[in-house]
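Just so you know, these numbers use all the heavy atoms, side chains as well, and skip hydrogens, waters and symmetry mates. Throughout, numbering of the chain's residues begins at 1 and tracks the sequence.
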Amino acid sequence: MTKPDTAELDPVMHAMGFELDTVSPSLLAGRLPVTTRCCQPFRVLHGGVSAMISEGLASMGAHMASGFRRVAGVHLSINHFRSAAVGDLVHARAVPVHIGRSTQVWEVKLWKVDPESPEKKTQIAESRVTLLCNLPVPENLHHAGDKLKKYVTDAGPAAPAPPTSKL
């Protein structure tokens, strides 16, 4: 079985080389091979790319968890702990911390994968993304969530997450 091409879900993340592995209202995960395309001049992963991945994953998750209502990021906080250099593989996971009627908070973590031992990972960044999730979908964008629906088996709202991290 071939892996589906998820480029249509977020063309900007895809242009950086990010590939989605898991798409659901309660977990999004994927990976980014670090290339010069996503690095700053010192050949390490650009912090803005980490932030883009965080907001992208959280936005897709919030869109699904809200029943495919329009969402908008209102706050992003990210901490960078370590770097990832050209040639490294970065794994990212996003999970909901709070799913409310009008706001959602998502936690996104990024790890550098050890090439010798893929199960061994070193955390390089962590973020919190707050989103408004009760926005009406304009009539001309009524089908905006259709692409995302193709990649999930359970497209219904996610169950509220406990206050602790699932990562």
Within-4.5 Å side-chain heavy-atom neighbours: [X] and [Y]:
X      : Y      : value
Leu110 : Ser54  : yes
Leu131 : Ser59  : yes
Lys112 : Arg82  : no
Phe18  : Val49  : no
Thr103 : His98  : yes
Leu57  : Met13  : yes
Arg128 : Val105 : yes
Arg93  : Leu27  : yes

I'd like to know if the side chain of [X] reaches the main chain of [Y], judged simply by a donor and an acceptor atom lying under 3.5 Å from each other, with no hydrogens or angles considered.
X     : Y      : value
Arg37 : Ala15  : yes
Arg70 : Pro136 : yes
Ser66 : Arg69  : yes

For the [atom1] atom of [X] and the [atom2] atom of [Y], what is their distance to the nearest 0.5 Å?
X      : Y      : atom1 : atom2 : result
Thr6   : Leu28  : OG1   : CG    : 10.0 Å
His143 : Lys149 : NE2   : NZ    : 8.5 Å
Gln40  : Leu45  : CD    : CG    : 8.5 Å
Arg43  : Asp88  : CZ    : CG    : 11.0 Å
Leu9   : Lys147 : CG    : NZ    : 8.5 Å
Met64  : Cys133 : CE    : SG    : 13.5 Å

Taking [atom1] in [X] as the centre, count heavy atoms belonging to other residues, nucleotides or ligands within less than 6.0 Å. Is the count above 12?
X      : atom1 : result
Phe42  : CZ    : no
Lys120 : NZ    : no
Glu119 : CD    : yes

If hydrophobic clusters are built by linking Ile, Leu, Val, Met, Phe, Trp and Tyr wherever their side-chain heavy atoms come under 4.5 Å apart, do [X] and [Y] end up in the same one?
X      : Y      : answer
Val90  : Val44  : no
Tyr151 : Trp106 : yes
Met52  : Val108 : yes
Leu135 : Val74  : yes
Val137 : Val71  : no

Grab the two heavy atoms, one from [X] and one from [Y], that are nearest each other, plus how far apart they are.
X      : Y      : answer
Ser102 : Asn134 : CB-ND2, 3.4 Å
Ser127 : Leu76  : CB-CD1, 4.1 Å
Ala65  : Pro25  : CB-O, 3.9 Å
Trp111 : Lys121 : CB-CB, 3.7 Å
Ile124 : Ser83  : CG2-O, 4.0 Å
Val113 : Pro118 : CG1-O, 3.6 Å

For this session: Kindly determine whether Met60 and Val23 satisfy side chain to side chain contact (heavy atoms under 4.5 Å, CB included), including the steps that lead there.
Result: CA-CA 8 Å; Met60 283 185 263; Val23 178; 5.8 Å; no
